[in-house]
Amino acid sequence: MMRWQLLVTTLSSLSVLGGATPSTCSSSPATLHLPDAPYDNFFYSDCNTAAQVVITSPQPDSNLTLISPRFIAAWPAGNSGVCAYFAPENGVNGSLSIEVVNSTVGNPLAAIESGSASSSNSTTSYYGVTGTIRFNTSASLTVPILGSIRTIRDFVEGPSLLQPQIQDTINVTSLPNGGASLQRLWLDNVTTTHLNFTPATNGSVTINNKTLKFEAGDYVFAAEFNYPQLTQLSPAQVLSNSSTALIQQDPERTTALSFLSYSTKLLAGAWRFLTYFGRDSMISALLLEPVLSKGENSAMEAVIAAVLERLNRTDGSVCHEETIGDYATWLNQQDGIVSTDPQYDYKMVDSDYYLPILMNKYFVENSVGKSRAKTFVSIAAGATNPNNKNLTYGQLAAINAERILRLAAPFAGKNNQTQANLVRLKDNQIVGEWRDSTYGIGGGRIPYDVNTALMPAALRAIASLSRRKFFSTKSSSWAILADKYAQVWEDETLQFFRVTVPKSQAKQLVSSYAQTIGFTGPNQTDSIDDDVTFHALSLDGNDNLNQVAVMNTDDCFRHFLLNTTGSQSQLTAFMNQTANNIRRTFPAGLLTGAGMIVANPAYGENPVYAANWTSGAYHGTVIWSWPLAMMAKGLEQQLGRCSNTTSSHGKTTQPDFCKDDAVYGNVKNAYNILWDSIDANTPQLSQEVWSWVYNDKNETFVPTPLGVMPPPPGSSSQTESDIRQLWSLTFLAVTRNTSFE
Ligand SMILES: *[C@@H]1O[C@H](CO)[C@@H](O)[C@H](O)[C@H]1NC(C)=O
Ligand SMILES: *[C@@H]1O[C@H](CO)[C@@H](O)[C@H](O)[C@H]1NC(C)=O
Ligand SMILES: *[C@@H]1O[C@H](CO)[C@@H](O)[C@H](O)[C@H]1NC(C)=O
Ligand SMILES: *[C@@H]1O[C@H](CO)[C@@H](O)[C@H](O)[C@H]1NC(C)=O
Ligand SMILES: *[C@@H]1O[C@H](CO)[C@@H](O)[C@H](O)[C@H]1NC(C)=O
Ligand SMILES: *[C@@H]1O[C@H](CO)[C@@H](O)[C@H](O)[C@H]1NC(C)=O
Ligand SMILES: *[C@@H]1O[C@H](CO)[C@@H](O)[C@H](O)[C@H]1NC(C)=O
Ligand SMILES: *[C@@H]1O[C@H](CO)[C@@H](O)[C@H](O)[C@H]1NC(C)=O
Ligand SMILES: *[C@@H]1O[C@H](CO)[C@@H](O)[C@H](O)[C@H]1NC(C)=O
Ligand SMILES: *[C@@H]1O[C@H](CO)[C@@H](O)[C@H](O)[C@H]1NC(C)=O
Ligand SMILES: *[C@@H]1O[C@H](CO)[C@@H](O)[C@H](O)[C@H]1NC(C)=O
Ligand SMILES: *[C@@H]1O[C@H](CO)[C@@H](O)[C@H](O)[C@H]1NC(C)=O
């Protein structure tokens, strides 16, 4: 009982101070309030801790099967959190609404830092967040989950999974001031999570058979746990000196970026992915590179070091996702091991390639990075992942490069450019790159982005790093070999994925697709002025589809990561078809008033296409922020090659498409159409993903949260978008180049 007494003391002292932060922080807390009905998001961080609170409250138009009253507090430390579902006592679904309100406790949130601030024993200090929650009618707390965000996601996104071994250890006790407390000791036997409610006004909370019952009214909630906190990078620490003006110009995005940035890793998103994800942090760092801090203790090195620390030393694979905190102990227990050690997931095949690309961007192309390379490669790994003790960052980077060269070799061999020699997903995995949901790449085994862009770009990067002796003794042979392989992968892979649909068939497919999905806007067949070309999402798909013929945005990888110099006719046609697919409006192309969709299944004849890539599917006809940024930056770079008049060895380096007025104009036009659409969707840009509904009256696509769209058939529940995602903050660095207007 000591613990809640400590908490009560903290609360009353906070009240006295009117919600001031613990005096130990020299700067005021960073806060954000981001409404996104039916969700309401609050962020709070100070020098001690960081927390997000998400309140979900049904709206008059909510689908009550998908949306019910829910409270979540989420913490980056240990990827931890608490979740509580509420139901109205009157039994009328939809009648209970909940909200967080300003009060003497906080505006609306304040930090909890109980236990002595001077204590260096982190297991005895509690950190968390407090505020006031309002119930419009009497309610009961139906499902509490205390511990890991992963455990919460298993319930929220999975088929409502609850583990008795975790749920049954929640204790319910009353508090002396009329409140009630839920407490759970983690499987580590050390950490405890508390979720407390105390009446703020004249309401009351009672305990009935371990269930909390609330009268209508205001309650002070306090969610806290005793687990070591991470060291957050402030906006000034995460941005380079030359970019600190962004803190004033764009406080919301820079605060969100800081919330997701820590000394040992950048986190993928809030609230669902508050931890390390390899692909997310590296794509973000590539796009944010111009504004990110560089040098020792910088954001750039935090990203690269986080990837190297978690690398699989045996085969050079980059870790996709780490499992830490209570869920790690739980997974270990499932494996029959008593341990709190993290687990690392290596199921993705794309993540390996981002590493050398990012290292080249920093250690070769940036002057600060260049000066840091020698020191960085000699840093000893193992601080995060004990498996990598005895290896340096340089050795780990070389193990990764070795893997890539090994996987590249067969296809690069003489007369060996066959589909069988392309990179495939790992056995028994249905996902392997960024479209990592069941129907993301349609069951395909051979992904488009990995084979046509990531592999050759990684090889170019390995060659470039090798020329600077980055891989010590290996460097001399790799410098030439990697470039040789890269040439083959650049020139010979697109053809496997190319899909060309004759004009008349294209019109007919789009028209019938529009009917199939009941699309009520114009079917846009008039914009199909020629045969339609795009590149399949993947090869070797479900339903015996050799090519998964879904038009998509993954062209952006080649535009952003490669300046190919091989076949000029291939490059010209490639530039042209991207431009066509962007400038045409859905259902003929990728453009919508809500942004550029990442997948358009209209040109697939098989009915599975329309059924699986819907506006409710995570990787369906929906909009993700980072492909908008990568496509915009990629097209800008390609157009930039046309103004590049420097010649190498007396030859101009201008690609042929620059001199084809129609194609060059088409690309420039697509670039501006894309930016018009980005500018029109500013309110959505920092979110993970969003969908749309078509409004017949106004003839517009209306941006709509994915979480309120019905999921595609076969999915048990809908995926809720993160309100802030690391790789959706890249418009801090990616801006419109007005010289192409
Ligand atoms: C709550 O307090 C914050 C910070 O002072 C303020 O911005 C916000 O408008 C307040 N909300 C209401 C509903 O008064
Ligand atoms: C920290 O506190 C825990 C629990 O009271 C105790 O078991 C542990 O020995 C302490 N560690 C240190 C370093 O004082
Ligand atoms: C919950 O109650 C049990 C039984 O009284 C006790 O052993 C355990 O320590 C309690 N857990 C917490 C987190 O207080
Ligand atoms: C926690 O304590 C239980 C009961 O003593 C024990 O079975 C379990 O192995 C311990 N877990 C860890 C991670 O030490
Ligand atoms: C208490 O709740 C449990 C689980 O919901 C239920 O099985 C049990 O019957 C309830 N007991 C009483 C006395 O209502
Ligand atoms: C690392 O790679 C090796 C070889 O592929 C594999 O056997 C091992 O399971 C991987 N490690 C982990 C933690 O997955
Ligand atoms: C690191 O080296 C030490 C001393 O040689 C050895 O005891 C230890 O097992 C090594 N650790 C790993 C992870 O290889
Ligand atoms: C060609 O590919 C096959 C596998 O498909 C591989 O065994 C062979 O080594 C490759 N040839 C070269 C020269 O790399
Ligand atoms: C598609 O749009 C065209 C042009 O507006 C129209 O003539 C045609 O009937 C539409 N197709 C269908 C199936 O509605
Ligand atoms: C570019 O696309 C347009 C529209 O589809 C087409 O008419 C033209 O032939 C294409 N040009 C090249 C060089 O591919
Ligand atoms: C391609 O060229 C453009 C224009 O010169 C340049 O901005 C971009 O960085 C280059 N991309 C790569 C991957 O080298
Ligand atoms: C509400 O959601 C459920 C579950 O996805 C779905 O079956 C149902 O059709 C939806 N209701 C409406 C009115 O959209």
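Since the model is a prediction, treat every value here as computed from it, not as a measurement. Whatever order the structure lists them in is the order used to number ligands and atoms, beginning at 1.
- Near N421, with a cut-off below 4.0 Å to any heavy atom, the atoms of ligand 8 are 1 (C), 2 (O), 4 (C), 5 (O).
- Between R424 and D540 there is a salt bridge, with a side-chain nitrogen of the basic residue lying less than 4.0 Å from a carboxylate oxygen of the acidic one.
- Those atoms of ligand 11 that come under 4.0 Å of a heavy atom in N563, given as number and element, are 1 (C), 2 (O), 3 (C), 8 (C), 10 (C), 11 (N), 12 (C), 14 (O).
- Classification of D436 and R279 as a salt-bridged pair holds, one side-chain N sitting under 4.0 Å from a carboxylate O.
- Nearest protein heavy-atom neighbour of atom 1 (C) of ligand 6: N312 ND2, 1.4 Å.
- A donor-acceptor contact closer than 3.5 angstrom is absent between the side chains of Y227 and D188.
- Of the options F560, F731, F557, a ring-ring contact (aromatic ring centres under 6.0 Å, His included) to W626 is made by F557 and by none of the others.
- Close contacts between ligand 8 and N416 involve ligand atoms 1 (C), 2 (O), 3 (C), 8 (C), 10 (C), 11 (N), 12 (C), 14 (O) [criterion: under 4.0 Å to a heavy atom].
- In this structure, a donor-acceptor pair under 3.5 Å is absent between the side chains of E492 and Q487.
- Checking only distances, R641 never comes within under 3.5 Å of ligand 11, N or O to N or O.
- For ligand 11, the atoms closer than 4.0 angstrom to any heavy atom of L561 are 13 (C).
- Among the atoms of Y346, none of the N or O lies under 3.5 angstrom from an N or O of ligand 6.
- Protein heavy atom in closest approach to atom 4 (C) of ligand 6: D315 OD2, 3.6 Å.
- For atom 9 (O) of ligand 8, no protein heavy-atom neighbour is found at a distance under 4.0 Å.
- Ranking the protein heavy atoms by distance from atom 13 (C) of ligand 8 puts G413 CA, 3.8 Å first.
- Remark: the T275 side chain and the E322 side chain contain an N/O donor-acceptor pair separated by less than 3.5 Å.
- The N/O atoms of Y344, backbone and side chain alike, include none that comes under 3.5 Å of an N/O atom in ligand 6.
- Taking a cutoff of 4.0 Å between a charged side-chain nitrogen and a carboxylate oxygen, D676 and R736 qualify as a salt bridge.
- Just one residue in the list W624, Y354, Y448 forms a ring-ring contact (aromatic ring centres under 6.0 Å, His included) with W434, and that residue is W624.
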